[in-house]
Amino acid sequence: MPKLCLSLTGSTIAKNLAAIDRYRGLIDMAELRADYLDPEEQFLIRSFPEKAGLPTILTVRRKADGGRFEQGEGVRLVILAKGLSFAESDKRKNFAYVDIEHDLQIPAIQEAARTFGTRIIRTLHCMDGVPSNLESAWRELASNPYEIPKLAVRVKTLADTEALLRLFAGTGALSGASGASGGLGPGQQRIVIGSGDYGFCTRVLAKLMGSMLVYASAVKAGLEQSAPGQLDPETYAGTYRGKQAEADWNLYGILGGASVLGSLSPAIHNEGFSTLGLKALYVPFPSDDLESFLRIAEILNIRGFSVTVPFKEKILPRLSSRSAEVEAI
């Protein structure tokens with residue numbers, strides 16, 4: 001089951017710790033986004049894992065990769081080094097992970113992380129949608145068996161989501177299903193994320209993507225989303241049964257435009273499934289293209305879906321039967 005990771009975007013250590021306390025019991029780990037911290041707070045991060053009482057990822061994300069950090073690489077490396085330095089024998093007091101970009105090759109940082117037991121998450125940020133060389137880029141990213149490869153795609157269209165699902169979900173070329181390794185070494189973990197409205201299903205269905213974790217934002221604690229479309233932990237664990245849903249559950253959904261993310265249908269149907277003890281999940285699929293969605297429905301083996309604007313008329317030619325009421329309307 002993917003771990004639920006709270007991405008912390010508070011401007012101070014105190015605000016971030018308060019957010020953890022707000023959701024403690026729902027979350028499994030935390031990500032300290034040091035790029036959101038006030039400058040005077042950025043060098044106070046060393047004691048954060050012990051104070052948080054949870055496995056913690058240290059991330060200092062550049063603005064070019066969707067983060068907030070603009071002070072230059074020299075300062076960023078000092079912050080990373082500060083977070084990893086003076087490691088304790090009790091590993092719970094150290095950062096469990098450090099997230100660094102695919103193009104950041106600093107042997108001293110990498111050696112320190114390995115020496116002190118901090119796992120490296122190696123991230124490829126794709127800010128302009130799915131790259132044309134996705135499969136080869138992934139295999140290169142996943143080539144180091146000592147690192148956890150992470151692909152973070154800013155999804156621009158539903159076709160981008162389709163491409164991610166086709167490769168990573170079900171029996172895709174990089175899914176790891178049917179005996180395939182997905183470009184990973186034995187036991188190697190991975191993280192695959194599609195951010196934005198059209199990538200919503202890749203986060204709710206993280207288990208199908210083979211992701212080791214799901215990122216959530218402390219919205220109800222007053223903090224910003226660290227990436228577009230992140231859910232609050234209560235919504236993920238409650239409405240979408242994120243702590244229970246398995247890959248073999250029956251999948252249903254609602255097809256519509258971007259506004260479908262505000263639909264009450266998921267809360268209604270998922271509560272009904274839970275009450276009846278049904279292993280099923282109902283997910284919104286915001287879409288800009290009917291054909292991409294129908295292909296996604298096949299990839300995910302969606303058992304049925306509701307349809308709302310702007311696809312109510314466009315779906316009619318694809319139906320095997322229509323009621324008299326539909327014909328009349």
- [ ] Decide if atom NZ of K3 counts as having more than 12 heavy atoms of other residues, nucleotides or ligands within a radius under 6.0 Å.
- [x] no
- [ ] Could you check if a side-chain atom of W249 sits within less than 4.5 angstrom of a side-chain atom of K207, using non-hydrogen atoms only?
- [x] no
Open item on the list: Between K279 and Q244, does the side chain to side chain contact (heavy atoms under 4.5 Å, CB included) criterion hold? Intermediate values first, please.
Closed with: CA-CA 9 Å; K279 294 181 177 180; Q244 303 165 293; over 6 Å; no
Task: Spatial distance of atom CD (Q189) from atom CZ (R119) [nearest 0.5 Å] - done: 5.5 Å
Open item on the list: Does any part of the side chain of Q110, heavy atoms only, come nearer than 4.5 Å to the side chain of R122, both counted from C-beta?
Closed with: yes
- [ ] Dump the intermediate steps for side chain to side chain contact (heavy atoms under 4.5 Å, CB included) on T161 and V153, then the final yes or no.
- [x] CA-CA 9 Å; T161 300; V153 177; over 6 Å; no
Task: From N16 atom CG to E41 atom CD, the distance as rounded to the nearest 0.5 Å - done: 9.0 Å
Which atom pairs, donor and acceptor, lie under 3.5 Å between side-chain atoms of residues 75-82 and protein residues at least two apart or in another chain?
unit_1	atom_1	unit_2	atom_2	d
R76	NE	E73	OE1	2.7
R76	NH1	V60	O	2.8
R76	NH1	E101	OE1	3.1
R76	NH1	E101	OE2	3.1
R76	NH2	E73	OE1	3.3
R76	NH2	E73	OE2	3.0
R76	NH2	E101	OE1	3.2

Task: Among L290, I296, L294, I302, the one residue meeting side chain to side chain contact (heavy atoms under 4.5 Å, CB included) with L255 - done: L290
Open item on the list: Side-chain heavy atoms nearer than 4.5 Å, only ILVMFWY residues, links allowed to pass through others: does that put L208 and L165 together?
Closed with: yes
- [ ] Taking all heavy atoms of F285 and all of C201, pick out the closest pair and write down the distance.
- [x] CE2-CB, 3.7 Å
Residues 307-321 side chain polar contacts: donor-acceptor under 3.5 Å, at least two apart:
unit_1	atom_1	unit_2	atom_2	d
R318	NH1	E291	OE1	3.0
R318	NH1	E291	OE2	3.0

TODO: Inspect the contact between E224 and R68 and indicate whether a charged nitrogen and a carboxylate oxygen are less than 4.0 angstrom apart.
DONE: yes
Task: Heavy-atom side-chain contact between L17 and F48 under 4.5 Å - done: yes
Open item on the list: Any donor-acceptor pair under 3.5 Å linking the side-chain atoms of E31 with those of S7?
Closed with: yes
TODO: Determine the minimum heavy-atom distance between I254 and S263, stating which atoms define it.
DONE: CD1-OG, 3.8 Å
- [ ] Report yes or no: does E327 contribute a side-chain atom to a donor-acceptor pair with the main-chain N or O of R322 at less than 3.5 Å?
- [x] no
TODO: Verify whether one side chain among S306 and Y282 offers a donor that lies under 3.5 Å from an acceptor in the other.
DONE: yes
Open item on the list: So, taking the atom named OH in Y97 and the one named OG1 in T56, what distance separates them when rounded to the nearest 0.5 Å?
Closed with: 10.5 Å
Task: Side-chain (Q105) to main-chain (H102) donor-acceptor, under 3.5 angstrom - done: yes
Open item on the list: Which heavy atom of A258 sits nearest to which heavy atom of P286, and what is that distance?
Closed with: CA-CB, 3.9 Å
Open item on the list: Taking the side chain as everything from C-beta on, heavy atoms only, tell me whether K93 gets closer than 4.5 Å to P49.
Closed with: no
Open item on the list: Measuring from atom CG of L54 to atom CZ of R92, what distance do you get when rounded to the nearest 0.5 angstrom?
Closed with: 12.0 Å
TODO: Might you confirm whether atom CZ of F43 has over 12 heavy atoms from other residues, nucleotides or ligands at distances under 6.0 Å?
DONE: yes
TODO: Ignoring hydrogens and angles, tell me if any N or O in the side chain of S11 forms a donor-acceptor pair with the backbone of D38 under 3.5 Å.
DONE: no
Task: Residues T157 and D288: side-chain donor-acceptor under 3.5 angstrom - done: no
- [ ] Mind running side chain to side chain contact (heavy atoms under 4.5 Å, CB included) on Y23 and D232 for me, showing each step along the way?
- [x] CA-CA 9 Å; Y23 296 105; D232 182 272; 2.3 Å; yes
Task: Sidechain-backbone polar pair: S136 side chain, N133 backbone, donor-acceptor under 3.5 Å - done: yes
Open item on the list: On a heavy-atom basis, which atom in S292 and which in E162 lie closest, and how many Å separate them?
Closed with: OG-OE1, 3.3 Å
Task: E50 and D90, any side-chain heavy atoms less than 4.5 Å apart - done: no
- [ ] Examine distances only and state if a side-chain atom of S274 and a backbone atom of E271 form a donor-acceptor pair shorter than 3.5 Å.
- [x] no
TODO: To the nearest 0.5 angstrom, please state how far the OG1 atom of T123 sits from the CG atom of L141.
DONE: 7.5 Å
TODO: Test salt bridge (Lys or Arg N to Asp or Glu O under 4.0 Å) on E111 and R114 and set out the steps.
DONE: CA-CA 5 Å; E111 184 60 30; R114 284 192 291 268; 3.4 Å; yes
- [ ] Report yes or no: do L281 and L4 belong to one cluster of Ile/Leu/Val/Met/Phe/Trp/Tyr joined by side chain heavy-atom distances under 4.5 Å?
- [x] yes
Open item on the list: Classify the ring geometry of W138 against F168: parallel below 30°, tilted from 30° to 60°, perpendicular beyond 60°.
Closed with: perpendicular
TODO: Taking the side chain as every heavy atom from C-beta outward, state whether Y240 and N270 have any pair of such atoms under 4.5 Å apart.
DONE: yes
TODO: Please examine the side chains of T202 and V192, heavy atoms only from C-beta on, and report whether any two atoms are closer than 4.5 Å.
DONE: no
Open item on the list: Using the rule that Ile, Leu, Val, Met, Phe, Trp and Tyr join whenever any side-chain heavy atoms are under 4.5 Å apart, tell me whether L167 and L158 fall into a single cluster.
Closed with: yes
Task: Min side-chain heavy-atom separation F116-F95 under 4.5 Å - done: no
TODO: Begin from the C-alpha positions of R203 and L231 and carry the test side chain to side chain contact (heavy atoms under 4.5 Å, CB included) through to its verdict.
DONE: CA-CA 9 Å; R203 300 188 297 278; L231 290 173; 5.7 Å; no
Task: Closest contact, heavy atoms only, Y252 versus A280 - done: CE1-CB, 3.9 Å
Open item on the list: Please check: side-chain N/O of N94 versus main-chain N/O of E88, any donor-acceptor pairing under 3.5 Å?
Closed with: yes
Task: H125 side, atom NE2; R61 side, atom CZ - distance, nearest 0.5 Å - done: 4.0 Å
- [ ] Identify whether the distance between the nearest side-chain nitrogen and carboxylate oxygen of K243 and D28 falls below 4.0 Å.
- [x] yes
- [ ] Of all the heavy-atom pairs spanning A218 and L6, show the shortest one and how long it is.
- [x] N-CD1, 3.7 Å
Open item on the list: Is there a path of hydrophobic side-chain contacts, each under 4.5 Å between heavy atoms, that joins I20 and L32?
Closed with: yes
Open item on the list: Taking I191 as the starting point, is it possible to reach L58 by hopping between hydrophobic residues whose side chains are less than 4.5 Å apart?
Closed with: no
